[in-house]
Number of protein chains: 2
Amino acid sequence: MTGTRGKLLNAAIATLRDKGIAGTSARVIATAAGVNQALVFYHFGSVAKLISEACRESAAEQVEHHRQQFARAASLDDLLTLGRQLHAWQRDAGNVAVLAQVLAGARSDPSLAAAARQALTLWISELETTLDRLLRTSPISEIADTAGLARAVAAAFVGIELYEGADPDGAESAFAALAQLSALIKALDGLGPAARRALHNRLRRTATARPPPRPAS
Amino acid sequence: MTGTRGKLLNAAIATLRDKGIAGTSARVIATAAGVNQALVFYHFGSVAKLISEACRESAAEQVEHHRQQFARAASLDDLLTLGRQLHAWQRDAGNVAVLAQVLAGARSDPSLAAAARQALTLWISELETTLDRLLRTSPISEIADTAGLARAVAAAFVGIELYEGADPDGAESAFAALAQLSALIKALDGLGPAARRALHNRLRRTATARPPPRPAS
DNA sequence: GTCTATAGAGGGATAGAC
DNA sequence: GTCTATCCCTCTATAGAC
């Protein structure tokens, strides 16, 4: 944390978050870390390797840091509230914004793609575990594929963090709308037995497998 | 379309989509367009201006191209199917992946932020119009803020397109999960009057305004 | 409008002194 | 481990011939 290696990792995170993948270079990172530029290559071999390691390590650290909060979530509503807290927290500690930048850089560097995949997997598996637990008692569990759902939620979160960089107000209103929507889930869970049975029946009737869609002309 | 200007705009889109913002430069774009590098500056003044214009123009063109499909959507289920078609279509024509890259570049260049905001606004307003129309008859309309919801959906789509670049299979499963979830919406709309009334009552009870969340420690 | 040539800055990466 | 110095490349942007 305090060594040169740690300083570079921290500076890489801060630089990616603040200047984006396009503004991140060995010189910029080293300046932010207050160390010599050549040390990037001594400690990590290349800029891409430094970024990859910073991305993975930061994700591991933050997922670990929030694990208890994931475990404490007792409803989808709680999970969405946790999402909003995470969003506010990310403004400063921002691993997800970093993830978005590394994901963007993945197009020009396959090694970044691997790092982003690994970092995202940490968030996704935490989400999947939580969703599995929370959806057991919900009518949604009849149709939900939690593995895919966890990926969709994680990707959506990344998208919103990216959106935040260009339009903070818009991102805020997006989150607010999702929070409202969580009331629907809450209402579903609080449904009486009769209405629940009716919903169950409708779900059985409509939730049939559909063939994969074809591209528009 | 066929002139040098048009070739550069097309090449800028293709380069952003294939190599990302980090791999996009005047030289790379000009090579892809088959024209001289200096022409980037003659026609657009700077690389950022070329990217901005390409991003805006491509969004306008594609939103226009899909407008009829948005208008034809008769249910949220249709809208989600349209989303999957759009996703498949984007693999080749990819304005949304470009949007993600410009959004990523926004951190290092404010002019890119403005371009991304404008391009996103086109998608968002189309989505908002459609959501407004579709949600009128759904129980969801009681709690939904379509303006925020449209932004959330657009940002989520951007996130998934970005995710697609690093893990195509994961992105596919995310979409599949959302498609399953649309069955829930379908079921909600098909609910009988009694169950619908029960849901309505639960919604009125749970959908109270909550104070904004505070960051986690 | 398009080309060549080039200035000038910044980038990745390495050699070698300390 | 850290520093200076440097090589060589790519980048943006411009000047000037055609």
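Everything quoted here is computed from the prediction, not taken from an experiment. Chain identifiers are assigned alphabetically (A, B, ...) following the order of the sequence lines, protein sequences preceding nucleic acid strands; residue numbering begins at 1 within each chain.
Looking at residues two or more places apart in sequence or on another chain, you find a side-chain contact (heavy atoms from CB on, under 4.5 Å) between S25(B) and R27(B), V28(B). For E57(A), there are no salt bridge (Lys or Arg N to Asp or Glu O under 4.0 Å) partners two or more places apart in sequence or in a different chain. Partners of E164(B) by salt bridge (Lys or Arg N to Asp or Glu O under 4.0 Å), not counting sequence neighbours, listed by chain and number: R91(B).
For the pair L127(B) and F70(B), the minimum side-chain heavy-atom distance is below 4.5 Å.
Rounded to whole Å, atom C1' of dG1(C) lies 13 Å from atom CZ of F44(B). Atom CG in L8(A) sits about 12 Å away from atom P in dG1(D), given to the nearest Å.
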Please step through side chain to side chain donor-acceptor pair (under 3.5 Å) for the pair Q69(A) and H66(A), ending with a clear verdict. CA-CA 5 Å; Q69(A) 293 170 286; H66(A) 290 290; 2.6 Å; yes
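Here ring-ring contact (aromatic ring centres under 6.0 Å, His included) pairs that include residues 98-148 of chain A, with residues two or more places apart or in two chains, number zero.
In summary, the aromatic rings of Y163(B) and F175(B) are positioned with their centroids too far apart to meet the 6.0 Å limit.
Interatomic distance, CZ of R133(B) versus CG of L131(B), reported as 9.5 Å (0.5 Å rounding).
Residues from residues 98-109 of chain A with heavy atoms under 4.0 angstrom of DNA chain D: there are none.
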What string of B, S and - do you get for nucleotides 4-18 of chain C, 5' to 3', when a contact is any protein heavy atom under 4.0 Å? B------BBBB----
